[in-house]
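All values reported here derive from a predicted model rather than from experimental measurement. Chain identifiers are assigned alphabetically (A, B, ...) following the order of the sequence lines, protein sequences preceding nucleic acid strands; residue numbering begins at 1 within each chain.
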Amino acid sequence: MTASTAPARPESEAAATSPWVERLRRVGRALALPAGSVVLAFLIGAVLIALAGGDPLASYEALACGGFGISCFGGETPALQISNTIEFITPLLMAGLAVGVAFRAGLFNIGVQGQLILGAIFATIVGLRLASLPGVILIPLLMLAGVVGGALWAGIVGVLKAFTGAHEVVTTIMLNYVAYNLLNYLLINGPMQAPNSSQISLPVGQNAQLPTLIPQEGLFFGQPGGAYHASIGIFIALAAAGVYAFLMRRTALGYEIRAVGQSQRAARYAGISVRRTIIVTMLISGAFAGLTGGLMIAGGSLHYLYADLKFDTTGFDAIAVSLLGQNVAIGVVLSAILFGALHAGGLVMQSDVQISSHIVEILQAVILFSLAANFLRSLKLRLPSLGREPAKPDGMEAAQAALQAEVGSTAAAEGDGRA
Amino acid sequence: MSTEVRADRPAAPGGEAPYAIEMRHIRKAWPGVVANDDVNLTIRKGEIHALVGENGAGKSTLMNILYGLLKPDAGEILINGQHAHISGPRDAIVRGIGMVHQHFMLIPVFTVGENIVLGREPVENGDFYDRSEVDTRIRALSDEYGLHINPDARTGDLPVGLQQRVEILKVLYRGADILILDEPTGVLTPQETHDLFAVLRGLVRGGKTIIFITHKLKEVLEISDQVTVLRRGKVIGTVRTKDTNEEEIARMMVGREVLLRVDKAPAKPGAAALRVEHLTVNTEQGLPAVRDVSLELYAGEILGVAGVEGNGQSELVAALAGMLKPRSGRIWIGDRDVTEEGARHTRHAGLAHIPEDRRGAGLILSFSIAENTIFGHQRDAAFALRGMVLRLHEIYAWARRLIKQFDVRTPSEETPARALSGGNQQKVIVAREMATQPKVLLASQPTRGVDIGAIEFIHRRIVEQRDAGAAILLVSAELDEIRSLSDRIAVMYEGKIASIEPPDVPEERLGLLMTGGGGRQTHPAAS
Amino acid sequence: GGTSSTSGGSSANTIKVGLVTDTGGLNDKGFNSLANQGLQKAKSELGIQADVTQSTKASDYVPNLTNFASRGYNLVIAVGFLMASAVGQVSQQYPNVKFALIDSTPADAKGNSVTRSNVTSLLFKEQEAGALVGILTGMLEKQGKTPKKSHIVGAVGGQKIPPVDHYIAGFQWGVAKEDPSAKVLVAYSDEFSDPTPCANKTDTQISQGADVVFQVAGGCGLGVLTEGGKKGIYTIGVDTDQSASDQSVIASAVKRVETATFDAIKSVKDGSFQSGTVLFDLKNDGVGFVKGNLPVPADIQTEIDSVTNQIKSGAVTVPDTVKP
Amino acid sequence: MAILSQLLQVLVSGDFWQLALRDGALLALPALGGVLSERSGVTNIAMEGMMLTGAFFSVVAALSFHNPWMAVIVAMLAGGAMALIHAFISIRFRADQIISGFAINIAAVGLTTFLNAKLSNFRGLQQVDPSGRLPTINVPLLDNIPFLGQVFFQQNIIVYVSLALLAIANLVLFRTRLGLRLRAVGEHPEAADTAGINVYRLRYGAVIMSGLLSGLAGAFLAIGIANIFNDNMTSGRGYIALAAMIFGKWTPWGAFVACMIFGVGDALAASTGVINVPQYFLQMVPYVLALVVLAGLVGRSTPPAADGIPYTPGGE
Ligand SMILES: Nc1ncnc2c1ncn2[C@@H]1O[C@H](COP(=O)(O)OP(=O)(O)OP(=O)(O)O)[C@@H](O)[C@H]1O
Ligand SMILES: Nc1ncnc2c1ncn2[C@@H]1O[C@H](COP(=O)(O)OP(=O)(O)OP(=O)(O)O)[C@@H](O)[C@H]1O
Ligand SMILES: [Mg+2]
Ligand SMILES: [Mg+2]
């Protein structure tokens, strides 16, 4: 082959020395934007708080205290605040992954709330029925039940989409409402209502509850152990994020999911079954969602199923988490931490400085706007063109020009040699 | 060469008469690339001015600037001697500039009429769209320029040749004096190109000025008065067409000598690698496309498939590749009946496929080049442990090898395919499909829209594959390509193989066979 | 830093009270709002430190209660039946913090009611208020003074939870006592916030013949009042005097959550806090009957007064479960 | 059998259909807004938030002006302002339109709840008195026709407005120059741009229209039906409208048919006392029905080709 006999080109060496630098730079660049967006959002939020008659600095101190246990001046126990935050992060992260998987295949799963409810129902049933099993068996079974419940619900969406083309936005919204009514049926004078209560089920037994990070007996950081509800559920969620990353980046299935998300036509060309991939993706998405439901029952502070789960917004907040995290595992983890901390912080902010916790929602929205609109990049883009002077080629441009010149001359040499 | 046409026109501008267009010191940079670097271009009134250059030379960018779609970083534009501030296509339209874009600007779900009048729609009773007025005007226009078309046809249903016609009518409808045609012949058959040239000559006679972008040097010589060559964003020079030749233009474009002809030894056909019996295939919409086709393709030969676009070639290839289920008939690769197997298994049986739609099917533009080099092979043992876990190390090594072997010009294997020029994108596909040493290679329009340097390269590779024993089915709208590469030529007409011819068949006979043995091709919408 | 966040700690004799709403939030026009009014009154009259946290999800209950308890608040008020087990849990972990639970007794993990030495349950005999508006309704029906004289009336509940059912049970009892032939339609909207389902339920009850409808659905139930007004029937408000909401409101069955909240705070302030259950009923004016936009005829008023006395004296007991 | 006859009894009642049409027409407004926005190429999932904002400000305005028309205008402006944000972020900044729409929905909840508390000192805004409510109009003579009169001619004024807007939108979208251009912009903005059409202006217009319509729906909900503002009172209707828009294949009448399924669902849910089926199963019916119809009859709905893709001239 002519090309293979050509001398090794310098740019391949350049490429060999730079990938780490390049990779670091890329990670930095990938993080810079969301981080900048968050900072910008907080600046805008500060203005809003001031307009609302609050003290931005005090509000943010309280927010940081509630979210991360730092800058606490109201007698809060940092460890407890962190525990609360972890408790909120866990379902957000899990559900965020559920939304993310679907997004990767080009599917907008607004039905995570419904899938999560089904997961919680299944998990509760297993937790109650098999209460006598030891935890090491019962907890995995309960999680599995959650997975099955969620996957079943999302699977309907996948199958309908694959075989009839029914749009997933419609089917997921419809199935949410079916799930809400199912939940009501079960819990309001229905088969799962606890005998002496209404609108809630019996709690799953001790064996079905996830171990907490801090022992329940004794005093820790000045507070009773039982006040700390953060459970090892956070590790399950983090592990799920790891699985997600591995699935997407390192497996053929993830590759196919991404291919289908980018172009169904191309996927078909490559022999990928689009139908099958859509169904599998929805099953995985539903499994994550169902696992969220399982974690809510086995972890957290309430171990029973409650009808108000239909007003819970986890499944919707997860959409924001996934979008903010740009559907990549690390991004979803970071944005779940941010949203979990904002939620926990909002509660403290209201009690500490009397700023409505609903400010937090506005803040979340501003973060999303700022990220989506990429205000920062627009600012940057606008700067160089202020002077009419055309921009000097930056490093990359210069490198590319050099490369092109080099390749050109190599090719010319070949041509000459043959002529 | 039609010298008599050139004789009709003045060889130089008449004395003081201002240029139709002057572009001065135009600069436009994209991130990482300077697409236009201090470009000066002057177009005389009433001439056909060809603009040529390799892929990515900056031709489209320059014309998009002229048409107001892009804002230059620097430079100025004069139209008919007057400074023109063009801040959007509307300004260009007002100044009598019309443009037929490289990628059609047609709305598939609209009718032909709606597409043509869009932006200058006749209305009645206030704002109501006046369909009968549209029909009248389009018929008048069609008659005037001999571009017949049915205004009520749905544009997406038309073959590309007719879509091209719609594009030109759009420009004429707006009364443009200066027409920019960006690769208008890229998708046309020789007959359609011929027809188009007749129209262009008519337009010039009627006083219009035309800027014409193409990769086909023959067309440059046939139709233009002047040629401007761009290379990597810079003007290399402008020459009078009658003072130059193909070799010179090619050298200006590429910066070196280019082999314009493929050297190849006679084929040594082996056993049948692909057999097709009584194959009938419908389009995705369920319309008959391939009717009862039988053929045998031998190892070590190139079978060219010629035909006017829309005569079933695409569906034939899709069926062979397992992307479209045939209605009846059977397909064998070697001894394996793959009729029902689908794309994945057909691939495993040894078939490779360079698809005609490279951006829509052959690549995932957002994936890296490395990821694209395993597209369709993502579950192969070489790239995935047990078909499940990707072996990234091997994949990157593989990608680097292909990049080197196939001279893909890219900063790295992690660059997204989107960032490559069209020619280099095509090279990635060619590399991937050839590297598996397939038994059967379906090459569909393998050099469409690719510059001559890359065409030369791809042609060489196809011949090498043949010599290595692959059976190659080459589908192309380029008769030159078909004739110079093929060992046998099958002509498709209305879903059937009209005839199989030797490679030295006269062009006239091919043309005749492609149009049903005589009469002009017609399409129901072209009436 | 903010002034309150730095000084909140420990000035010796201001007591700190934290209030945790349920997911209805402070604007619910129902018991969250009323409890907050009680809290704010205590703040201005008793000079306490009063802080509020709104729960947006059920999973916020425990963290919110814990937040106040862990910071040494003297009293943590939990508003609403749905927080029973959350209070049961947190009160056990913080035996030195006092809790007041509105509408329920604390519950253990299994949902069984438990007693805690640091929890006071503020319970209301809603059925007694429901009974009085039931008496009014029944008498009007019996005397043919309702818009349609149909002997059919309705009640629209928010969710099927005890505080709601108590009201409805009392209403059923009162109506049946005066007009045994009258039928009481019962529906639940599953909503405390969106008024439309309540309005729609009312519509249906009206088309079934109801000419007096009792709302027991908080903010959602306001839809009952306006829909009733539009359709020309009588309606009855709940929790507070709602006669200003619509012309159709002929009376309201009230429950003095603000008073109960205030009293609980006061008991902590003056050291008279007692664990266990505090019952608010007709006798202690914790629930009651308030007139609306219809002049109550003397005979009916007499009957209402007499039933009130019978209930107060214990001569009659009003049932608290809804008859199917 | 008893259930069937109960169902029949419900289905022949004028009350039932009156209610179904009212709720259908309520949903049709944001659904129509969605159709316009997405036809122009801007994905819009923000109807929920724009509607909630409209509802809130209609009540604020009705309480201060005691005039429903002023309130309607204020509500539409409020919805339009939210839409303007969405348009600005989506069009000017070429943002991911799902993120932007989602942010609008979150912001609307936060904003209205916060302001509700602020303005009412934590008691919730007052009930709107009759002077501030949108009137029900009985069309003279026609309203006396048995059954049909009640269903079609004894409705809130916004029901008539909603139906008229549907008809007008359908005409504009498919018969006029403006409609042709709007659809062109949503299918292939480059083609429209190169034909001299101002892509941005049309997109801004369509998105803002969706805000005006959603704001109007919010006003209808708050001062036509409920006469009150409660936090989060739209309770997912914007999402139902979104589903209806897709279900109806991005056409005004298609969306309206879908809205009517949900309107009937609302009416059914209200009939629980009459039909002897467990309430929650009855309430599932419209959603299950929609699923079945979608899967069986409607099938694939293809959005406008450029829906959700920000436009950059020349691919810049
Ligand atoms: N077309 C496809 N699209 C998506 N996933 C697929 C596809 N084909 C196979 N898979 C998944 O990959 C797994 C491994 O592939 P498999 O072992 O089936 O490959 P193969 O041996 O080449 O094919 P076959 O067994 O059908 O001959 C399958 O079990 C299935 O889960
Ligand atoms: N939207 C864009 N963003 C970034 N780079 C671009 C863009 N459009 C063009 N370029 C780059 O600008 C250069 C010139 O592109 P242009 O399309 O003008 O080439 P061309 O001469 O028309 O090529 P072809 O013959 O393939 O059509 C190329 O390197 C191309 O990659
Ligand atoms: Mg080009
Ligand atoms: Mg196998």
Indicate yes or no: at least one non-hydrogen side-chain atom of C:Asn27 is less than 4.5 angstrom from one of D:Phe229.
-> no
Can you tell me if NZ on C:Lys148 sees more than 12 non-hydrogen neighbours from other groups inside 6.0 Å?
-> yes
When rounded to the nearest 0.5 Å, the distance separating CZ of D:Arg123 from CG of C:Asn36 is 8.5 Å
With a 4.5 angstrom heavy-atom cut-off, could you sort out which part of C:Leu185 is near chain D: side chain, backbone, both or neither?
-> neither
Of all the residues in residues 149-164 of chain C, which have a heavy atom that comes within less than 4.5 Å of a heavy atom in chain D?
-> none
Taking only heavy atoms into account, what residues of residues 16-28 of chain D are found under 4.5 Å from chain C?
-> D:Gln18, D:Leu19, D:Arg22, D:Asp23
Interface moiety of C:Asp28 toward chain D, non-hydrogen atoms closer than 4.5 Å = neither
Rounding to 0.5 Å, atoms CD (C:Gln208) and OG (D:Ser13) come to a distance of 10.0 Å
Checking D:Ala117 against chain C: side chain, backbone, both or neither under 4.5 Å from a heavy atom?
-> both
Does C:Asp203 reach the side chain of D:Asp15, with side-chain heavy atoms less than 4.5 Å apart?
-> no
Work out which heavy atom in D:Arg133 is nearest to a heavy atom in C:Ser245; give both atom names and the distance.
-> NH2-O, 3.7 Å
Relative to chain C, which of D:Thr234, D:Asp231, D:Thr113 shows the most heavy atom pairs under 4.5 Å?
-> D:Asp231
Could you tell me the separation between the NZ atom of C:Lys201 and the OG atom of D:Ser271, rounded to the nearest 0.5 Å?
-> 8.0 Å
Take atom NZ in C:Lys57; do more than 12 heavy atoms of anything else shown fall under 6.0 Å from it?
-> yes
C:Tyr188 backbone acceptor or donor facing D:Gln279 side chain under 3.5 Å | yes
Separation of C:Leu26 CG from D:Asn121 CG (nearest 0.5 Å) = 10.0 Å
Where does C:Cys220 contact chain D at under 4.5 Å (heavy atoms): side chain, backbone, both or neither?
-> backbone
Residue by residue, which of residues 142-161 of chain D have a heavy atom closer than 4.5 Å to a heavy atom belonging to chain C?
-> none
Tell me, for C:Gln242 versus chain D, whether the close heavy atoms (under 4.5 Å) come from the side chain, the backbone, both or neither.
-> neither
Kindly compute the distance separating SG (C:Cys198) from CD1 (D:Ile225), expressed to the nearest 0.5 Å.
-> 13.5 Å
Please answer whether the main-chain N or O of C:Gly219 pairs with a side-chain N or O of D:Asn230 as donor and acceptor at a distance below 3.5 Å.
-> yes
Measure C:Gln40 against the heavy atoms of chain D and call it side chain, backbone, both or neither at under 4.5 Å.
-> neither
Best-contacting candidate, C:Ser207, C:Gly218, C:Gly223, against chain D by heavy atom pairs under 4.5 angstrom | C:Ser207
Among C:Lys29, C:Gln247, C:Glu191, single out the residue with the greatest number of heavy-atom pairs under 4.5 Å to chain D.
-> C:Lys29
Rounded distance [0.5 Å steps], CD in D:Gln127 versus CG in C:Leu222 = 5.0 Å
Residue by residue, which of residues 47-55 of chain D have a heavy atom closer than 4.5 Å to a heavy atom belonging to chain C?
-> none
